**Q** 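I'd like to ask you about the structure that follows.
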2 protein chains.
Amino acid sequence: MDKEKETVTGQPQARPGNPLQQELIDLLQQASLFSGLDDATVLEVVRRGRLRLFAAGQTVFMQGDPSKGLHVVVHGRVKVYKSSPQGREQTLMIMGPGEPVGEVAALAGDPYPASAETLEPTETFYIMRDAFIDIIRSQPEVALRLLSALSARLRSFASLIEDLSLKGVTERLAVQLLSLAPGCPGEQTVELDISKTELAAAVGTVPETLSRAFQQLARAGALETKGRTVVIKDRSLLQRLAQAK
Amino acid sequence: MDKEKETVTGQPQARPGNPLQQELIDLLQQASLFSGLDDATVLEVVRRGRLRLFAAGQTVFMQGDPSKGLHVVVHGRVKVYKSSPQGREQTLMIMGPGEPVGEVAALAGDPYPASAETLEPTETFYIMRDAFIDIIRSQPEVALRLLSALSARLRSFASLIEDLSLKGVTERLAVQLLSLAPGCPGEQTVELDISKTELAAAVGTVPETLSRAFQQLARAGALETKGRTVVIKDRSLLQRLAQAK
DNA sequence: TGGCGAGCTTGACTTAAATCAAGGTTTGTC
DNA sequence: GACAAACCTTGATTTAAGTCAAGCTCGCCA
């Protein structure tokens with residue numbers, strides 16, 4: 001697996017614009033940022049951006065890099081994270097198809113406040129900063145949608161802060177698992193879509209501690225695990241275990 | 001000091017509109033959310049909101065309350081925080097004059113994701129949700145300003161997450177102190193504008209641990225403290241001590 | 001001015017979680 | 001199908017930070 005990094009300025013691949021434009025328009029209309037806009041507007045957006053391809057594990061941007069534009073994930077997944085000099089990482093969010101990445105930096109023109117890398121082969125639609133600013137200025141609908149995307153993110157950051165500060169690792173893991181499992185009562189099987197090492201970074205801990213947290217939840221009777229498969233045996237118990245320590 | 005709490009629905013005080021309108025317009029034009037707007041627009045905003053007065057330590061809203069509108073701090077300060085059942089608190093941010101409070105909930109119409117209380121006697125300008133939505137729809141400028149306010153907040157939340165997850169208490173305290181002190185080199189005196197107990201909640205710890213963190217910084221020669229006065233003796237050392245543990 | 005109380009500090013102790021080290025398991029590749 | 005490389009788990013140890021319990025300091029009010 002080629003893990004060679006690539007700076008923001010490099011262009012992994014740019015597809016020719018014309019034959020695929022309709023496909024792209026369709027894709028962007030799925031994205032919450034642009035959905036519900038008329039074709040002409042989306043066409044304008046498409047004209048001003050381009051597709052970029054990334055291999056699995058490739059860096060999309062690094063914290064501190066100057067921001068030149070923003071990405072909308074077309075398919076694949078992008079992890080946004082902070083890392084310490086000692087090599088520990090805290091995942092801030094994992095963005096999937098339709099979700100924007102790097103828009104905060106693009107808005108302000110500041111350097112990226114965090115790093116981003118792909119978790120799997122990923123394609124993004126990339127819009128340069130100036131074009132993006134034009135679009136939100138001329139399309140109030142887009143600005144409103146962006147506002148609601150940022151609000152949602154603020155809420156999720158606030159609860160991550162709460163959990164990191166006021167809860168223990170086991171509680172945070174329980175929270176995370178509950179958010180992955182769509183929430184019907186009774187037994188329920190969840191297939192993790194990331195490695196446990198990645199899950200540890202998302203929960204804010206190291207793999208060893210994550211492993212012990214899984215043990216604790218299993219010993220309590222809330223779940224069972226086998227590899228990446230998690231069987232939630234007692235959702236309401238798990239909910240109780242997710243409360244502050 | 002009357003510490004009696006008051007729900008969001010209660011109205012602490014509503015000033016009569018007319019004679020003070022010009023004063024209010026001036027105040028709002030200072031607020032980053034509305035600055036640079038023409039008088040007519042601001043007048044429209046003023047018409048659709050009202051002033052509210054809060055005593056020191058009074059609850060502005062509680063996490064989970066239904067959100068009815070948003071506040072812009074006119075004077076005083078409001079602390080936004082999360083709290084655990086065990087009574088520990090994590091401060092998310094402290095908002096001063098001109099800054100909006102509760103706008104994320106107001107935008108989405110969701111319950112407040114955190115609680116807020118005043119740190120001192122405070123006056124806010126309060127706009128009901130519907131009026132606020134109207135304003136951002138009809139005033140793209142306001143939407144853009146709100147976007148930049150939310151972006152700034154996201155950046156600060158992201159770095160709080162990073163610090164909580166990847167740094168120790170002493171490092172976080174150093175970060176906090178650096179952000180309070182405007183940043184010229186050489187010796188510098190900072191007067192804390194909150195109690196050390198409040199500072200502990202902002203740094204994400206308890207007063208006992210905060211006290212020991214101050215000791216450590218003092219023993220290292222970075223600063224000296226006396227009551228609420230902090231003398232930064234070696235700013236560059238403090239910056240080094242603020243790096244990840 | 002004296003005393004009361006909140007806020008702050010200090011010390012001893014406990015607990016949670018990171019680190020270190022090693023062994024086992026899965027996965028993917030040739 | 002065998003091997004290597006990640007990935008994951010387990011145990012032992014260390015360290016950071018929270019808790020508990022006093023005692024102190026300072027500002028405020030009677």
Side-chain angles (χ1 to χ4, degrees), chain A residues 1-3 55-57 83-90 119-121 163-174 191-220 223-230 241 243-245, chain B residues 1-3 56-57 83-90 119-120 163-174 191-220 223-230 241 243-245:
Chain A
M1 184 97 329
D2 181 28
K3 251 209 151 192
S83 55
S84 78
Q86 283 68 27
R88 269 193 62 200
E89 286 185 3
Q90 170 68 54
L119 291 174
E120 53 195 86
D163 292 349
L164 285 171
S165 182
L166 305 174
K167 290 180 177 172
V169 169
T170 309
E171 290 79 22
R172 296 206 292 274
L173 174 59
E191 190 70 19
L192 296 179
D193 56 0
I194 51 178
S195 73
K196 288 191 178 168
T197 301
E198 286 293 350
L199 183 57
V203 166
T205 186
V206 293
E208 295 95 317
T209 302
L210 184 79
S211 182
R212 297 186 235 268
F214 263 118
Q215 271 180 38
Q216 253 187 271
L217 295 177
R219 229 179 304 117
L223 53 76
E224 280 171 14
T225 61
K226 171 132 200 333
R228 286 195 178 184
T229 308
V230 178
L241 293 171
Q243 307 300 328
K245 61 172 151 192
Chain B
M1 185 98 328
D2 181 27
K3 251 209 151 191
S83 55
S84 79
Q86 282 68 29
R88 270 194 61 200
E89 287 185 1
Q90 170 68 54
L119 292 175
E120 52 195 85
D163 293 349
L164 284 171
S165 181
L166 305 174
K167 290 180 177 174
V169 170
T170 309
E171 290 79 21
R172 295 206 292 275
L173 173 58
E191 190 69 19
L192 297 177
D193 56 0
I194 51 177
S195 73
K196 287 191 179 168
T197 301
E198 285 294 350
L199 183 57
V203 165
T205 187
V206 294
E208 295 94 320
T209 302
L210 184 80
S211 181
R212 297 185 235 267
F214 264 119
Q215 271 179 36
Q216 252 187 274
L217 295 177
R219 227 178 308 116
L223 53 77
E224 280 172 14
T225 61
K226 173 135 195 354
R228 285 195 179 185
T229 309
V230 178
L241 292 171
Q243 308 300 329
K245 60 174 151 191

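Chain letters run A, B, ... following the sequence lines, proteins first, then strands; residues in each count from 1. These numbers were taken from a predicted model, which means no experiment stands behind them.
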**Q** Take A:Ser84 and B:Lys167 through the side chain to side chain contact (heavy atoms under 4.5 Å, CB included) test and state the conclusion after the steps.
**A** CA-CA 8 Å; A:Ser84 78; B:Lys167 290 180 177 174; over 6 Å; no
**Q** Expressed as a whole number of angstroms, how long is the span from A:Leu192:CG to D:dC7:C1'?
**A** 13 Å
**Q** For B:Arg219 and C:dT9, give me the distance from atom CZ to atom C1', rounded to whole Å.
**A** 13 Å
**Q** Would B:Glu89 and B:Ser83 count as having a side-chain donor-acceptor pair, cut-off 3.5 Å?
**A** no
**Q** Quick one: do B:Leu173 and B:Leu199 satisfy side chain to side chain contact (heavy atoms under 4.5 Å, CB included)? Show the steps, please.
**A** CA-CA 9 Å; B:Leu173 173 58; B:Leu199 183 57; 4.1 Å; yes
**Q** Do the side chain of A:Arg172 and the main chain of A:Val203 share a donor and acceptor less than 3.5 angstrom apart?
**A** yes
**Q** Rounding to an integer number of Å, can you tell me how far A:Glu191 CD sits from C:dT26 C1'?
**A** 14 Å
**Q** In whole Å, what is the span from the CG atom of A:Leu173 to the P atom of D:dT9?
**A** 11 Å
**Q** What's the spacing between A:Glu198 CD and A:Leu192 CG if we round to 0.5 Å?
**A** 12.0 Å
**Q** Return no unless some side-chain N or O of B:Gln215 is found under 4.0 Å from OP1 or OP2 of C:dT9.
**A** no
**Q** Ignoring hydrogens and angles, state whether a donor on the side chain of B:Thr170 or B:Gln216 is under 3.5 Å from an acceptor on the partner side chain.
**A** yes
**Q** Would B:Lys196 and B:Leu210 satisfy side chain to side chain contact (heavy atoms under 4.5 Å, CB included), going step by step from the backbone distance to the final call?
**A** CA-CA 8 Å; B:Lys196 287 191 179 168; B:Leu210 184 80; 4.0 Å; yes
**Q** Nearest 0.5 Å please: distance from the OG1 atom of A:Thr205 over to the CD atom of A:Gln90.
**A** 9.5 Å
**Q** Could you check how far CG of B:Leu166 sits from P of C:dT19, rounded to whole Å?
**A** 10 Å
**Q** Could you tell me how far apart B:Asp163 (CG) and D:dA17 (P) are, to the nearest whole angstrom?
**A** 12 Å
**Q** Got a sec? Which of residues 195-204 of chain A come in under 4.0 Å of DNA chain D, heavy atoms?
**A** A:Ser195, A:Lys196, A:Thr197
**Q** Just the rounded figure in Å: distance from C1' of C:dG7 to NZ of B:Lys226.
**A** 15 Å
**Q** If you measure from CG on A:Asp163 to OG on B:Ser165, what distance do you get to the nearest 0.5 Å?
**A** 12.0 Å
**Q** Quick check for you: to the nearest 0.5 Å, what is the distance between A:Thr229 atom OG1 and A:Leu223 atom CG?
**A** 12.0 Å
**Q** Rounding to an integer number of Å, can you tell me how far A:Arg228 CZ sits from C:dG28 C1'?
**A** 13 Å
**Q** Set out, line by line, the N/O atom pairs under 3.5 Å between protein and nucleotides 19-23 of chain D.
**A**
unit_1: D:dT19; atom_1: O4; unit_2: B:Arg212; atom_2: NH2; d: 3.0
unit_1: D:dC20; atom_1: N4; unit_2: B:Glu208; atom_2: OE2; d: 3.3

**Q** With nearest nucleotide decided by heavy atoms, which residue, B:Ser211 or A:Thr170, maps closer to the 5′ end of DNA chain C?
**A** B:Ser211
**Q** Determine whether B:Glu171 and B:Leu241 satisfy the following criterion, side chain to side chain contact (heavy atoms under 4.5 Å, CB included), listing intermediate values before the conclusion.
**A** CA-CA 6 Å; B:Glu171 290 79 21; B:Leu241 292 171; over 6 Å; no
**Q** So for the helix from C:dT1-D:dA30 to C:dA22-D:dT9, with five pairs setting each end axis, what is the inter-axis angle to 10°?
**A** 30°
